[in-house]
Asks: 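Let me begin by handing over the structure; questions about it come next.
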Amino acid sequence: MAEREDRGTRTERANPPAPRRSSRVRLDIPRAPRRSPLPSFDPDAFGRLSERVARFLGTGRFLVWMTVVIIWWVSWNSLAPVELRFDRYPFIFLTLMLSLQASYAAPLILLAQNRQDDRDRVNLEQDRKRNERSIADTEYLTRELASLRMGMGEVATRDWIRSEIQDLLRELEQRGAIEPADPEPPARRDVS
C-alpha cells in the first residue's frame, strides 16, 4: 500500500496538474493595461498648443481679426435682408460665441502661464546652482591668492636683496674691511 502511494506521488511530480483559474490575483505578474473609455492625449503636445493659442490671443492681429468679425457680424445682421439674418438684435448668438471664446481662452492662457512658471522655476534653479558654483570657485581662488601672497612674503625680492647688500657693504666699510665707495656713481663717458 505504501508502495502504491509512493508511485502516485511520483506520477504527480512528473505530471503536475494544470493550473486552475482562480479568482485570486497574482502579485508577481503585472496586469494587462486596460483601455480607458476617456480620450487620451499627450499633455506636452496639449501644453504646446495652448501656448501657441495664448501667444496668438495676445497679439494685435487677433484683436484686428476679432474686431473685423464682430463688425461683419453686426453689419450683416443689421443690414442684410431679414431672411438672411441669422442673429437678430440684441445679437444673442454673438454674445454666446464671444462667451464661448472667452471660456476657452482663459484656461488656455492659464495653462500656458503655468508652463511658463515651470520653465522659469527650472531656469531659476539652474541659475542658483550656477551661482553657488561661481561662489565656491571664487572662494577657492581667494584662498589660493591669499596663500600665494603669504608665500610671496617669504620670497626674497630684488629690492629686499639690494637693501641687504647695501647694509652689508656699510657694515664692512665701518669695520674697515673695504674702502668706502663713492656715494655718486661715475658719469658715463660718451664714446663718439
Side-chain angles (χ1 to χ4, degrees), residues 18-155 157 159:
R20 290 184 302 169
R21 286 281 200 174
S22 68
S23 61
R24 285 191 301 172
V25 176
R26 292 198 48 178
L27 297 177
D28 60 337
I29 299 174
R31 286 184 177 180
R34 293 183 184 179
R35 292 191 64 183
S36 172
L38 301 174
S40 63
F41 62 93
D42 180 17
D44 215 30
F46 190 73
R48 285 191 301 272
L49 175 69
S50 70
E51 285 176 341
R52 287 179 28 209
V53 169
R55 202 171 292 126
F56 175 69
L57 290 177
T59 62
R61 182 184 304 156
F62 171 75
L63 290 175
V64 168
W65 279 109
M66 185 72 134
T67 305
V68 167
V69 167
I70 290 173
I71 289 172
W72 174 84
W73 189 296
V74 170
S75 300
W76 180 266
N77 287 299
S78 298
L79 304 174
V82 175
E83 308 84 44
L84 298 176
R85 295 180 189 175
F86 56 89
D87 189 18
R88 302 187 190 285
Y89 181 83
F91 309 116
I92 294 171
F93 189 51
L94 175 64
T95 306
L96 176 67
M97 295 308 293
L98 290 175
S99 297
L100 182 66
Q101 181 267 332
S103 68
Y104 274 98
L108 287 174
I109 290 170
L110 289 175
L111 180 62
Q113 285 177 342
N114 288 341
R115 285 176 52 92
Q116 185 62 43
D117 287 344
D118 292 343
R119 277 194 300 275
D120 290 344
R121 192 175 307 114
V122 167
N123 287 338
L124 239 123
E125 182 67 23
Q126 289 174 349
D127 287 346
R128 188 184 62 77
K129 287 180 181 178
R130 196 175 306 120
N131 287 342
E132 286 176 357
R133 281 193 303 258
S134 295
I135 289 171
D137 289 346
T138 304
E139 288 175 353
Y140 171 76
L141 291 173
T142 303
R143 286 192 301 272
E144 287 296 311
L145 187 60
S147 68
L148 286 173
R149 284 184 177 169
M150 289 172 56
M152 287 298 292
E154 298 170 4
V155 172
T157 61
D159 294 336

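Heavy atoms only: backbone and side chains are in, while hydrogens, waters and symmetry mates are out.
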Asks: Using a 6.0 Å cut-off, check whether atom CZ of Phe56 has over 12 heavy atoms from anything other than its own residue.
Replies: yes
Asks: Is there side-chain contact between Leu110 and Pro107, with at least one heavy-atom pair below 4.5 Å?
Replies: no
Asks: Strictly distance-based, threshold 3.5 Å: is any side-chain N or O of Ser78 a donor or acceptor partner for the main-chain N or O of Ser75?
Replies: no
Asks: With a 4.5 Å limit on heavy-atom distance, are the side chains of Met66 and Leu57 in contact?
Replies: no
Asks: Quick check: Trp73 with Phe86 (ring centres under 6.0 Å apart)?
Replies: yes
Asks: Does the ring centre of Phe91 sit less than 6.0 Å away from the ring centre of Tyr89?
Replies: yes
Asks: Considering non-hydrogen atoms only, spot the tightest contact between Ala54 and Leu108 and give its length.
Replies: CB-O, 4.3 Å
Asks: Rounded to the nearest 0.5 Å, how far does CG of Asp127 lie from CG of Asp120?
Replies: 10.0 Å
Asks: How long is the gap from CD1 on Ile70 to CH2 on Trp65, to the nearest 0.5 Å?
Replies: 13.5 Å
Asks: Do Asn131 and Arg128 come within less than 4.5 Å of each other through their side chains, counting heavy atoms only?
Replies: no
Asks: Could you give the distance from CG (Asn114) to CD (Gln116), rounded to the nearest 0.5 Å?
Replies: 10.5 Å
Asks: Is a side-chain donor or acceptor of Asn77 paired with a backbone partner of Arg88 at a separation under 3.5 angstrom?
Replies: no
Asks: Check this for me: does any side-chain nitrogen of one of Asp118 and Arg115 sit under 4.0 Å from a carboxylate oxygen of the other?
Replies: no
Asks: Does Arg85, at its CZ atom, have more than 12 non-hydrogen atoms belonging to other residues, nucleotides or ligands within less than 6.0 Å?
Replies: yes
Asks: In Å and rounded to the nearest 0.5 Å, what is the OG1 to CZ distance from Thr67 to Phe62?
Replies: 9.0 Å
Asks: Assess whether a salt bridge exists between Arg119 and Glu51, defined as any Lys/Arg side-chain N lying under 4.0 Å from an Asp/Glu carboxylate O.
Replies: yes
Asks: Around Phe46, counting heavy atoms of other residues, nucleotides and ligands shown, do more than 12 lie under 6.0 Å from its CZ?
Replies: no
Asks: Tell me if the CZ atom of Arg35 is crowded by more than 12 foreign heavy atoms within 6.0 Å.
Replies: no
Asks: Quick check for you: to the nearest 0.5 Å, what is the distance between Leu96 atom CG and Asp87 atom CG?
Replies: 9.0 Å
Asks: Does the side chain of Asp117 come under 3.5 Å of the side chain of Gln113 through a donor N or O and an acceptor N or O?
Replies: no
Asks: Calculate, to the nearest 0.5 Å, the distance between atoms OG and CG belonging to Ser50 and Leu111 respectively.
Replies: 3.5 Å
Asks: In the structure I gave you, are the side-chain heavy atoms of Val64 and Thr59 within less than 4.5 Å of one another anywhere?
Replies: no
